[in-house]
Amino acid sequence: MIHSRVNRFILAALFFTSVIANASHAAGKPYHIVILGDSLSSGLGVEPEQAYPSLVQVRLKSSGRDHIKITNASISGSTTAGAVSRLKWFLRAKPDMVILALGANDGLRGLSIKEMEQNLGACIELALDKQIKTVLAGMKIPPNYGQEYTRAFETAFENLSRTYDIPLIPFLLKDVAGKSGLNQADGIHPNADGHKIIARTVLETILEQL
Amino acid sequence: MLWMTLGVRDLLKNKGFSFFFVLNLSLGLAGFIAIHSFGRSLDRHFDTNLKEILTADLVVAANRAIAAKDLERINSFLGNDYTHSRQVSFYSMIRTTIRNQAHTRLVRVMAIDNSYPLYGAFEMAQGSTPTDLQTRPYVFMSTDTAYALGLEPGSGKNSTLDIGEQAFILKDHVVSDPENSLTSFSFAPRIYIGIDQLDRTGLIRYGSRIWVSHFYRLAPDTDADQISKRLKDRFSQLYKDQPPYYIYTSNDVNRRLGRLTRYFTSYMGLVSVVTLFLAGIATAYLFRGYLNLKRKEMAILMSVGGSKQSIWFYISFQLILLGTAASFLATLASFFIIPAFPMIFKGLIPDNVILSVSPSALALAMGLGMAGSMIFCLPVFIQIFDIKPLMLLRGTPDTATSWLKQVLSLLPGVTAFVMISIYAAGKLKTGLVFVGGFTLAIGVLFLIGQGFVQACKRLSQSRTPVVKIAFRNLYRNQWTSLSIFVTIALGTFLISLIPQVQNGLQTEIIKPDGLKIPVFFLVDIQDEQKAPFVAFMEKQDAIISNLSPMVRGRILKRNNQPFHQRSDESRRRRGRRLEFNFSFRETLDVSETITQGDPISTEYWDWESNTPFDISVEESFAKENKIALNDILEFEIQGIPFTGQVKNFRKVRWNSFQPNFFLLFQNGVLNDAPKTHLAAISQVPMDQRQQLKNRIVDQFPNISVIDVTQMANTILGISNKLSLSIRFMAWLAIAAGLISIFSIARHEAWKNRNQINLLKVLGSEYPAIRAITLIEFGVIGFAAALFAILLSYGFSFGISWYFFDNLWQINGIISILILILTTLICMGTALSASRKVMNTKPIHLLTSGT
């Protein structure tokens, strides 16, 4: 009996929240988020709707924020070298927020960290110049690349966040990396369950910044 | 026993005929043994090549350590007789200190054990072995890598490098390593350390991205592919369709090589079956010809009370004796000739191929020679025994045998032939297709032959006496003419099948004209780097080719239906591929040709036009994804939807080593999209490669330079060998076929001597007799070869379509050559026979019996 009352209460609360949310959407201005990433964000090996950008979109919508539109501008295999030109392309869509989730391929290919920092820095500067809220997604590189390189790689994201005073997701693959049940057979790309966890991580930051 | 003595005595009495018969038959059989043995030797050679590339028969790999219980499971599938080797590889940034300056660089560390490699070997500058790597922190690397890292072998300062927490010493330079990197591109040079030294690096811990490979060398004649399949099934069951292991054999080692060797195996099957059929035709023809010559003798024996069984035994014994002698002669000849092939055909066959006589070819040739007479002659025996001796003496055509009896008498021969064909082809389907095609060809050639005989009747109305007699002879002896026509046509048909398939295959295998073999493959050239990069390369001693834009996106729908990539087992394991690389180019590369449809529009596509843009699709991609011409495809590129229409299918020569794409778009679609560029660099002098690589990396740090020299050389080396072998096999098959035709024509010309003798007795001059004989054999040889070659075009096209992905090209020169040679062989043998008759006394010929 008590359970039944509680359930009814929750349903009513959800309905009430949804009505308010829809009303606020009707009144709210459209908000556009662009996720500029690599294969981890593009959803390599999973269906587009299973990739975390789509999951974040669904969760935003189900929480009543359907004025927020997410564009997944991620390309598998991409490095930070193309970040600026890609962002320029998406400026046409007038984004309000950009999430920079690049760098993993730079690290895996052993590219210069200094170069990576410069590339990401130029991209952040362009976004800030256009008054686009910028979020940086931090990345880590597997320990087999050596302590010196992995540490320098990780620190690069913290440095950028500090330098430009932008929010940082400390590690995009938090609670996912290295867990076989959450990754595909290649051990590096998240599977559908892995993307659910990344979606949670990214959503938290988005909600903080809205 | 009496019959046996009589049989031997008869053969010895007709020494000339016996020798002639044995020689003819042994020529056909020797051709078959040579081709079959050559094919098997090449197959073994390429198989060893592939195993050396993989370094094992079977590899089980994973991106983590393979669980002990799974290793036990693997072992249980392998039996007791196998050797094993383990390797762990990973990328790492190593550190060197040269002239007090620290440098870091990405390398691919290969931690190997003492057993590596199971096939092939390291070639080291100072003769070191993998055992040296296990006890001390030593490292092997190529001279180029050492140069790039500034290292020298020895014990000085310039010989150490840090891998993780351990300092390693460069022990020796690798001149040639067994790992050929054909399975994937490698972003960094390889260096080798001992697997026992791995823990000291401290790099292998939770989160490390490693690649663990277990190599297995199996007992000879073990079917590695079968074991691989069973293991895949087992792990699929255990891990619910998501097995964490990659299992592959030498056949999976490389897509390009796999396809080429698959073509080669099918081609070899085709050549084997063709030569088997040729040897079979020659054998059957000679046996049956012999039996027909013996008709009168058999009739006499039957008239004087000889039982059918004894007569059958008497004749069969003679045939078996002749066949056995021919088989032994062919075998003996092969043992001398085949090992001498590399010397005789130096430059025409691949180097380092160890040629040996194939036991299976010998067994088949012996079987054909010894038991073939029983099978091939059964229908003739049945016909002869069903006819009264008087009719046989008169030479009346055989019509007494019932239809059912005739069919039943053919059954043993047909069954044996089908089974041998399947064996020679190596596959049930291939064997059955060839047998079916061959049967159809016999039927078609028989009908054409009947038309030919009727045409001879018309031509016999000529006013020129010689022509009139020649065509009248052909028409009057219509069954003989038909039989020669069909036999020669079948031989020519089989020979002519090979060059068309060979031409198509070879065009596919050899590198395209104008192609520059790349040394480096460059990825991730940014759009804004394109111009400076081209300018930079212009100052270098190298050629940049095929600088191609690349845009990544998804195919969402095909004709309004969701687009899904074929989900075979490997794809299911690795995750589904939904993203693809798209490109655009003004003109097609030399490695590309449009096979269906029209070229895509060169006009700049207008975004506002609301019309679908043109797409060119690579044909195997279209086939795999069931894409048809004019299909509408919907894409999502960087968040923007696009719609295009398939305008053409494009064939890409994958051995071109150029940047190629499954989908090419019309100009204007991708021009403004964020993109990177791929490029190939060729014609770099050997001693400047490393410097150029360093200069590119210094100038454009984001560009990854992949060294494809070894990969290109390995693939081109094998494809060149395949190409050479395919051409040589074709020539060998043509030679063996012409020998078979020669032996048939010679036998027929020999049979014809009584007719020539008759003309001689009637007072004809030699020039007239020669002209009649030349016209008769020339016309029949020419007509049979011409129709057979035309028919072979259709059949070879069917074979290419079915087995070789439509790789077919008419080889006109070879066809003309076959036509001329067949006609000349027929005329030459007839001429030689007529000359012999002219030099022999008529009475001698009339009394010589057979």
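Numbers restart at 1 for each chain; the letters A, B, ... are given by sequence-line order, proteins then strands. Small disclaimer: the values here were computed from a predicted structure and weren't measured.
The minimum heavy-atom distance between B:Asn702 and A:Leu111, with the atom names listed, is O-CD1, 4.0 Å.
Distance CG/A:Asn183 to CZ/B:Arg64: 10.5 Å, rounded to 0.5 Å. Taken from CG in B:Asp672 to NZ in A:Lys88, the straight-line distance is 13.0 Å, to the nearest 0.5 Å.
Per-residue counts of heavy-atom pairs under 4.5 Å with chain B were compared for A:Ser42, A:Ala177, A:Ala73; the largest is that of A:Ser42. Looking only at heavy-atom pairs under 4.5 Å with chain A, the residue among B:Gly202, B:Ala62, B:Ser704, B:Gly164 that has the most is B:Ser704. The candidate with the highest count of non-hydrogen atom pairs below 4.5 Å against chain B, out of A:Leu36, A:Asn72, A:Ile75, is A:Ile75. When the candidates A:Ser76, A:Ser85, A:Gly82 are compared by the number of heavy-atom contacts under 4.5 Å with chain B, A:Ser76 comes out ahead. Comparing A:Ser112, A:Ala93, A:Ala81 by how many heavy-atom pairs each has under 4.5 Å with chain B, the most go to A:Ala81.
Residue-environment remark: CG (A:Asp129) exceeds the threshold of 12 foreign heavy atoms within 6.0 Å. Atom CG of B:Asp199 has 12 or fewer neighbouring heavy atoms from other residues, nucleotides or ligands inside a 6.0 Å radius.
Contacts of B:Asn63 with chain A are made by side-chain atoms alone, with heavy-atom separations under 4.5 Å and no backbone atom involved. The contact between B:Thr104 and chain A is made entirely by side chain atoms (from C-beta outward), counting heavy-atom distances below 4.5 Å. With a 4.5 Å cut-off on non-hydrogen atoms, A:Ser78 does not touch chain B at all. Only the side chain of B:Leu106 comes within less than 4.5 Å of a heavy atom in chain A; its backbone stays farther off. Contacts between B:Asp162 and chain A at a heavy-atom distance below 4.5 Å are absent for every atom of the residue. Neither the backbone nor the side chain of B:Ala188 comes within contact range of chain A, judged by heavy atoms closer than 4.5 Å. Looking at B:Arg105, neither its backbone nor its side chain comes within 4.5 Å of chain A, counting heavy atoms on both sides.
For a heavy-atom cut-off of 4.5 Å, chain B lies close to no residue in residues 195-203 of chain A. Applying a 4.5 Å heavy-atom cutoff, the residues of residues 131-149 of chain A that approach chain B are A:Pro142, A:Pro143, A:Asn144, A:Tyr145, A:Gly146, A:Glu148, A:Tyr149.
By the 4.5 Å heavy-atom criterion applied to side chains, A:Val84 and B:Gln526 are not counted as neighbours.
For residues 95-116 of chain A, every residue pair satisfying the salt bridge (charged side-chain N to carboxylate O under 4.0 Å, His left out) rule, not counting sequence neighbours, is listed here: A:Arg109-B:Asp524.
Taking B:Asp707 as the reference, nothing meets the salt bridge (charged side-chain N to carboxylate O under 4.0 Å, His left out) condition, with sequence neighbours excluded.
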